[in-house]
Amino acid sequence: MSARGLISTGVLATLLICLAGCRKQSDADWPVHGGTALEQRYSPLSQIDDSNVEKLGLTWSFEFDTNRGQEATPIVVGGVMYVTSAWSKVFALDAKTGKLIWKFDPQVPGEKGVHACCDVVNRGVAVADGRVFVGTIDGRLIALDAARGRPLWSVRTVPYDQSYTITSAPRVVNGKVIIGNSGAELGVRGFVTAYDAATGRKVWRFYTVPGDPAKGPDGEASDEPLARLAAPTWFGDWYKYGGGGTVWDAIVYDAELNQLYLGVGNGSPWNRKVRSANKGDNLFLSSIVALDPDTGRYLWHYQETPGESWDFTATQPIILADLKIGGARRKVLMQAPKNGFFYVIDRTNGQLISAKNYVPVNWATGIDPHSGRPVETAFARYPDGPTTIYPSGLGGHSWHSMAFDPRTGLVYIPVIYSHLTYSDVPNFTFRPGRWNTAAGFGPPPTSGDHGVPPPGASPNESGGLLAWDPAAQKARWLVRYPRIYNGGVLATGGNLLFEGTIAGEFQAFRADDGTKLWSFKLPTGVVAAPVTYAIDGEQYVAVVAGTGGAVPISRRIDEPARLMPNGRVLAFRLGATGTLEFKEHWAPMPRVTNEPFTADQIARGRDLYFGGCSVCHGGYIVPDLRRSATIANRDAFKAIVLDGALADRGMASWKAYLTPQQVEDIRAYANDEARKLAAQEKAKPK
Ligand code: CA
């Protein structure tokens with residue numbers, strides 16, 4: 001079939017309009033994080049559609065140098081793809097061929113990796129006026145020359161000695177680069193900063209939670225709303241723990257209203273009993289905050305989870321749209337935050353239009369339409385010991401991009417069905433630079449009137465692609481996945497949705513009814529979101545593949561012995577027939593030592609392992625300690641854990657947190673687990 005035969009009338013029209021002055025040029029590009037400023041992740045490109053998508057094939061792939069997590073949305077401008085990989089590295093590729101044009105390594109110190117809650121991921125760059133902007137894991141914002149990838153300026157956006165990281169994509173608004181940060185689990189105070197895009201000069205900063213009252217105002221744009229609105233909602237010693245409220249993903253610019261919307265994160269620590277003397281809404285945690293993008297001046301806020309205590313962030317992607325609701329056309333902002341409710345908010349003033357749970361929820365029975373506040377259940381704040389809450393702190397939905405198709409009027413959400421048993425922690429002590437949730441995660445309660453599963457809840461975690469009608473607040477269709485933490489969603493004018501899964505399938509669905517039309521098997525999972533673009537009249541769909549992020553790094557979800565291959569960018573077009581070549585890597589058999597460790601020592605080591613090591617080492621990207629050659633070697637183990645021998649690779653020294661005896665206890669536990677694993681593998685039929 002000729003290329004011309006594949007071009008739909010929609011694309012031809014776009015090209016003709018483009019020839020007539022290129023006003024629609026952006027339809028062929030993917031110029032900003034969410035596709036357009038509305039961040040709908042919808043492209044009108046329709047050459048690939050529900051009648052021909054089965055002819056879609058791999059046209060090129062580009063392999064990264066790491067198997068750490070990949071979360072980037074590529075930006076495509078003028079035939080060039082700008083994409084990031086783990087450790088905040090930036091790559092410019094020819095979007096037609098995948099050929100490398102340039103790459104930039106910000107040389108993030110490996111030891112900063114321990115401050116990344118959820119792998120050393122990066123969700124992408126912003127491109128504007130010949131510059132590429134990237135935020136780095138160690139908290140810098142760097143401007144690169146788009147043609148050659150050379151640094152133009154670099155600013156440190158966070159105090160280096162605190163546990164801040166950056167994983168989010170910057171946004172460029174009115175000549176300013178806006179950047180947030182992460183780290184609320186590790187005891188930081190959230191803020192967003194605007195820098196002059198040309199020079200890197202700081203223009204304004206907005207703190208999302210109040211600081212230490214003894215230190216007075218910050219001298220920043222947030223001073224007035226923090227004093228007037230936020231400070232009266234905080235109690236106790238929150239400032240000793242940072243307070244949290246990091247803006248680690250959604251920052252969306254409303255060009256029509258010249259408003260900037262921040263999605264604000266969870267509290268530090270999670271448990272309000274510790275953070276704020278068990279009272280207060282703790283503004284602006286778990287809120288959407290609207291600012292004047294030019295000055296950082298506060299405009300309005302809407303708090304989704306007052307007194308947040310479950311890691312229920314409001315950092316999830318925000319989509320702007322005009323929706324017909326009750327006969328009237330409304331300017332809305334839509335979000336499916338972690339707390340399990342889908343919100344439709346009037347973006348002119350922050351008033352709630354409607355909210356409805358999109359996954360089974362038991363912490364609240366609903367959202368009061370008049371006050372806009374959740375109606376909490378009696379057991380929501382785990383007052384009587386371990387309580388199972390739906391959804392878990394992973395959320396009903398996390399950062400994985402949702403899409404809105406204006407043709408179907410549906411929002412497509414990569415949902416998570418999960419729950420978590422929360423409890424208080426007796427004698428909580430704050431440990432700077434470490435996880436500080438002040439919540440325990442125990443086995444589910446066996447009796448008592450708490451943690452009642454909500455209707456429709458399943459006992460096991462699972463995932464899904466949910467088509468949600470935001471005007472009616474109703475589910476239209478659902479595709480179930482056996483695993484959680486699947487990829488973001490792209491909607492196109494071809495009546496198609498594209499989404500990858502954590503199990504390594506990249507697939508296309510019909511947007512109106514969810515029929516699966518096409519899939520492509522990958523050697524690694526997909527958590528990032530696809531994009532689409534057109535070059536020389538041909539439409540491409542591209543996605544970054546690479547298992548990683550919060551869940552895969554901390555949970556075993558695959559055959560544990562298989563090592564993930566490196567992440568890569570994959571591009572597809574109609575009629576292409578490329579195949580992927582990859583080698584299976586298998587981790588070596590566990591090595592064990594017969595040193596006489598005591599049962600007590602192994603038990604202490606287990607507690608230490610789950611108190612610090614398991615966040616990274618419990619998965620299968622960061623080495624599985626059971627298979628580490630060093631567990632049989634006391635000196636080598638100590639050199640890595642205490643002396644920082646592998647700091648460059650992301651394993652920082654734990655000298656500040658562990659004694660030599662505790663390191664030995666961890667080795668005893670890892671060795672004991674290795675012994676069990678070796679026995680299992682020996683018993684397995686070959
Ligand atoms: Ca969090």
Side-chain angles (χ1 to χ4, degrees), residues 69 71 114-123 137 139 158 162-168 180-192 208-209 238 241-251 262-272 274-276 282 284-289 303-318 335-340 363 382 389 391-400 416 418-420 422 425 428 430-441 484-485 527 548-555 612 614-616 618:
E71 297 190 351
V114 295
H115 288 159
C117 77
C118 315
D119 203 355
V120 289
V121 293
N122 187 282
R123 283 188 292 281
I137 274 288
V158 297
Q162 294 182 36
S163 311
Y164 287 98
T165 52
I166 298 178
T167 57
S168 57
N181 45 58
S182 320
E185 272 67 40
L186 292 95
V188 303
R189 178 185 179 204
F191 59 88
V192 167
T208 56
V209 298
W238 79 90
Y241 318 123
T246 49
V247 180
W248 57 259
D249 196 53
I251 297 179
L262 314 179
V264 183
N266 58 277
S268 171
W270 294 2
N271 191 342
R272 188 183 64 171
V274 171
R275 184 180 69 236
S276 183
N282 294 182
F284 297 103
L285 291 184
S286 195
S287 302
I288 292 168
V289 177
Q303 188 173 44
E304 291 169 346
T305 313
E308 193 288 303
S309 275
W310 310 268
D311 193 18
F312 285 168
T313 64
T315 54
Q316 280 53 57
I318 291 170
Q335 192 183 40
K338 278 188 178 181
N339 76 14
W363 71 277
Y382 37 105
I389 298 295
S392 77
L394 291 169
H397 168 223
S398 190
W399 61 269
H400 312 80
I416 297 169
S418 69
H419 52 270
L420 182 62
Y422 295 76
V425 173
F428 167 71
F430 179 68
R431 300 174 301 170
R434 300 281 301 278
W435 271 62
N436 290 287
T437 59
F441 313 114
I484 65 168
Y485 231 63
V527 289
V551 169
I553 205 168
S554 62
R555 274 163 210 232
S614 68
V615 167
C616 294

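No experiment lies behind these values; they were computed from the predicted model shown. Remember, it's 1-based here, ligands and their atoms both numbered in the order they're listed.
Within Asp311, the N/O/S atom positioned nearest the Ca ion (ligand 1) carries the name OD1. The atom of Glu185 nearest to the Ca ion (ligand 1) is OE2, with the search restricted to N, O or S atoms.
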field: Working for side chain to side chain donor-acceptor pair (under 3.5 Å), residues Glu308 and Asn339
entry: CA-CA 10 Å; Glu308 193 288 303; Asn339 76 14; over 6 Å; no

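Take Asn181 and apply the side-chain contact (heavy atoms from CB on, under 4.5 Å) test, not counting sequence neighbours, and it matches Val158, Tyr164, Ile166, Phe191, Thr246. With sequence neighbours left out, His419 forms a side-chain contact (heavy atoms from CB on, under 4.5 Å) with Thr388, Tyr390.
Within the coordination shell of the Ca ion (ligand 1), defined by N, O or S atoms under 3.0 Å, Asn266 is present.
Remark: Arg275 is not positioned above the aromatic ring of Trp270, lacking an NZ or CZ atom under 6.0 angstrom from the ring centre and at most 45 degrees off the axis.
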